Amino acid sequence: MPELPEVETYARGLQPLIGRRFLGARALWLRSVPTGPDLLGPRIAGQVVIDVARRGKYIVFTLSDDVLLVHLKMTGELVVAPAAAPPDPHARVVFDLDAGEELRFHDPRKFGRVYLVADPAQVTGALGPEPLADDFTPQAFAARLAGRRGRLKSLLLDQTFVAGVGNIYADEALHRARLHPLRPADSLTPDEQVRLYDAIRAVLRQGIANRGTNLDWAYTQGTNQDVLRVFHRHGQPCLTCGTLIERMTVGQRGTHFCPQCQPLLRLEVAG
DNA sequence: CCACCGTCCTGGCTGC
DNA sequence: TGCAGCCAGGACGGTG
């Protein structure tokens with residue numbers, strides 16, 4: 001499931017497409033293109049790639065006239081291949097590039113989406129702040145937490161709260177911040193708020209430095225799976241304290257945590 | 001604002 | 001060995 005670090009790695013890897021021209025496109029699975037599968041090819045034909053970037057979990061191709069956004073969801077991949085290469089049975093959208101190549105959107109589970117729009121805000125307008133941006137300060141984070149009574153885990157997964165955090169990095173950030181996933185968001189002390197802020201940025205930066213987390217899916221060359229401390233480690237000892245990592249369901253999401261390092265009730269230690 | 005549920009999909013897993 | 005059935009997972013829409 002590509003999250004911010006994986007999508008960032010993708011966007012960086014696609015930089016060589018800058019300057020290339022789309023000649024056309026075809027949607028092989030119509031629902032993959034909510035903005036109109038039939039319009040995609042005629043509209044993108046002739047447009048040149050000006051920039052490739054990331055916003056939240058979206059890959060954003062700025063084109064000469066429009067903006068192409070791709071959300072990989074869980075199993076999506078983007079691959080540049082020679083047009084003569086063997087067809088991909090899981091290709092959902094195929095873009096014709098110049099120089100006899102194709103950009104293939106491959107997605108076995110068909111959850112990913114491709115949007116071609118004039119204004120990217122049509123797709124990304126509701127997203128929360130970028131957690132690694134300079135203007136995302138501890139004060140801004142604390143202000144967003146204020147009055148939110150929901151559970152931390154659910155809030156971290158809310159893309160309108162902070163953009164780009166998914167299940168892996170939410171669990172990792174909470175463990176690093178020593179906060180239980182069920183803690184009400186507005187119950188954090190100032191120290192805990194700063195710990196969570198620092199932890200979110202640290203795990204995302206580490207993920208980017210490691211070129212993403214590569215679990216059951218082979219689409220990244222990332223190594224971040226080697227440094228995960230709780231995600232998918234239930235039944236194994238916590239790397240901090242040795243207590244067995246537990247798994248629970250929070251908001252329909254598998255959630256992994258250390259009951260010792262992340263107590264639900266803060267222990268009042270007599271001074 | 002928040003909780004919860006259904007929907008979309010299919011590969012991979014479990015259990016028999 | 002084969003097959004049926006279940007489930008994860010991000011985002012969104014609907015409901016209470």
Side-chain angles (χ1 to χ4, degrees), chain A residues 1-8 10 27-35 37 54-60 69-78 88-93 105-115 117 120-131 143-174 181-188 200 204 207 212-220 224-225 228 230-235 245-257:
Chain A
M1 69 218 70
E3 304 179 26
L4 188 154
E6 292 74 35
V7 178
E8 179 71 26
Y10 249 101
L28 307 178
W29 181 254
L30 300 186
R31 290 176 194 266
S32 297
V33 192
T35 50
R54 177 195 60 75
R55 173 76 172 101
K57 300 177 194 173
Y58 292 86
I59 302 169
V60 182
L69 300 104
V70 178
H71 197 307
L72 302 172
K73 289 289 179 81
M74 274 92 67
T75 56
E77 297 177 54
L78 283 174
D88 179 343
H90 293 303
R92 306 306 180 194
V93 183
F105 175 60
H106 158 117
D107 186 18
R109 294 197 185 177
K110 302 178 174 175
F111 271 32
R113 294 290 181 264
V114 170
Y115 307 83
V117 292
Q122 287 178 250
V123 180
T124 60
L127 290 181
E130 282 293 322
R144 295 185 77 78
L145 283 173
R148 300 301 296 260
R149 288 175 296 170
R151 300 172 290 196
L152 284 179
K153 174 62 185 282
S154 300
L155 196 57
L156 291 181
L157 295 180
D158 180 350
Q159 299 302 296
T160 68
F161 178 69
V162 172
V165 177
N167 216 27
I168 297 172
Y169 295 94
D171 283 1
E172 292 297 311
L174 288 170
L182 296 180
R183 281 287 296 281
D186 66 357
S187 76
L188 271 55
I200 290 168
L204 293 175
T213 300
N214 190 15
L215 290 172
D216 297 337
W217 311 271
Y219 49 46
T220 72
N224 201 59
Q225 65 278 6
L228 295 180
V230 285
F231 189 77
H232 277 196
R233 291 196 66 247
H234 44 295
I245 300 299
E246 293 184 7
R247 183 184 191 278
M248 65 191 298
T249 298
V250 180
Q252 330 278 67
R253 290 288 172 275
T255 298
H256 315 77
F257 69 105

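Computed from a predicted structure; not experimentally measured. Below, each value reflects all heavy atoms present in this structure, side chains not excepted, and no hydrogens, waters or symmetry copies. In what follows, chains are A, B, ... by sequence order, proteins preceding strands, each numbered from 1.
- One atom, CD of A:Gln122, and another, P of C:dA11, lie 19 Å apart when rounded to the nearest Å.
- Here C:dA11 presents its C1' atom at 13 Å from CG of A:Asn167, a figure rounded to the nearest Å.
- No engagement by A:Asp107 is indicated, since no non-hydrogen atom pair under 4.0 Å with the nucleic acid exists.
- Nucleotide C:dG10 holds its P atom 8 Å from the CD1 atom of A:Ile168, rounded to whole Å.
- The side chain of A:Glu3 lies closest to C:dG10, out of C:dG10, B:dG11, B:dC1.
- Side-chain contact between A:Lys153 and A:Leu182 is absent, with no heavy atoms from C-beta onward closer than 4.5 Å.
- Following rounding to the nearest Å, A:Asp171 (CG) and C:dA8 (P) show an atom-to-atom distance of 14 Å.
- For A:Asn224, the side-chain hydrogen bond (donor to acceptor under 3.5 Å, both in side chains) criterion is met by A:Tyr169, A:Asn210, A:Thr213, not counting sequence neighbours.
- Not one side-chain nitrogen or oxygen of A:His71 sits closer than 4.0 Å to the OP1 or OP2 atom of C:dG10.
- Counting any heavy atom pair closer than 4.0 Å across all strands shown, A:Arg144 reaches no nucleic acid atom.
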* Asked: Just by protein heavy atoms under 4.0 Å, how would nucleotides 3-9 of chain B read 5' to 3' in B, S and -?
  -> SSB--BB
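- In terms of the salt bridge (charged side-chain N to carboxylate O under 4.0 Å, His left out) criterion, A:Arg144 has no residue partners (sequence neighbours excluded).
- Each end of the helix from B:dC2-C:dG16 to B:dC16-C:dG2 yields a helix axis from five base pairs, and these two axes differ in direction by 50° (to the nearest 10 degrees).
- No donor-acceptor distance shorter than 3.5 angstrom exists from the side chain of A:Ser187 to the backbone of A:Arg183, with no hydrogens or angles considered.
- For A:Asp186, there are no side-chain hydrogen bond (donor to acceptor under 3.5 Å, both in side chains) partners, not counting sequence neighbours.
- Take A:Tyr58 and apply the side-chain hydrogen bond (donor to acceptor under 3.5 Å, both in side chains) test, not counting sequence neighbours, and it matches no residue.
- Residues that satisfy the side-chain hydrogen bond (donor to acceptor under 3.5 Å, both in side chains) test with A:Lys57, not counting sequence neighbours, are absent from this structure.
- To the nearest angstrom, P of C:dA8 lies 6 Å from CZ of A:Arg247.
- With sequence neighbours left out, the salt bridge (charged side-chain N to carboxylate O under 4.0 Å, His left out) criterion links A:Glu246 to no other residue.
- Summarising the geometry, the separation between NZ on A:Lys73 and P on C:dA8 is reported as 17 Å, rounded to the nearest angstrom.
- Regarding contacts with the backbone of C:dG9, a side-chain N or O of A:His232 is found under 4.0 angstrom from either OP1 or OP2.
- What separates CG of A:Leu145 from P of B:dC2 is a distance of 11 Å, to the nearest Å.
- Put simply, CG on A:Leu155 is 11 Å from P on B:dC1, counting in whole angstrom units.
- Scanning for salt bridge (charged side-chain N to carboxylate O under 4.0 Å, His left out) contacts around A:Glu8 gives A:Arg12, A:Arg54, with sequence neighbours left out.
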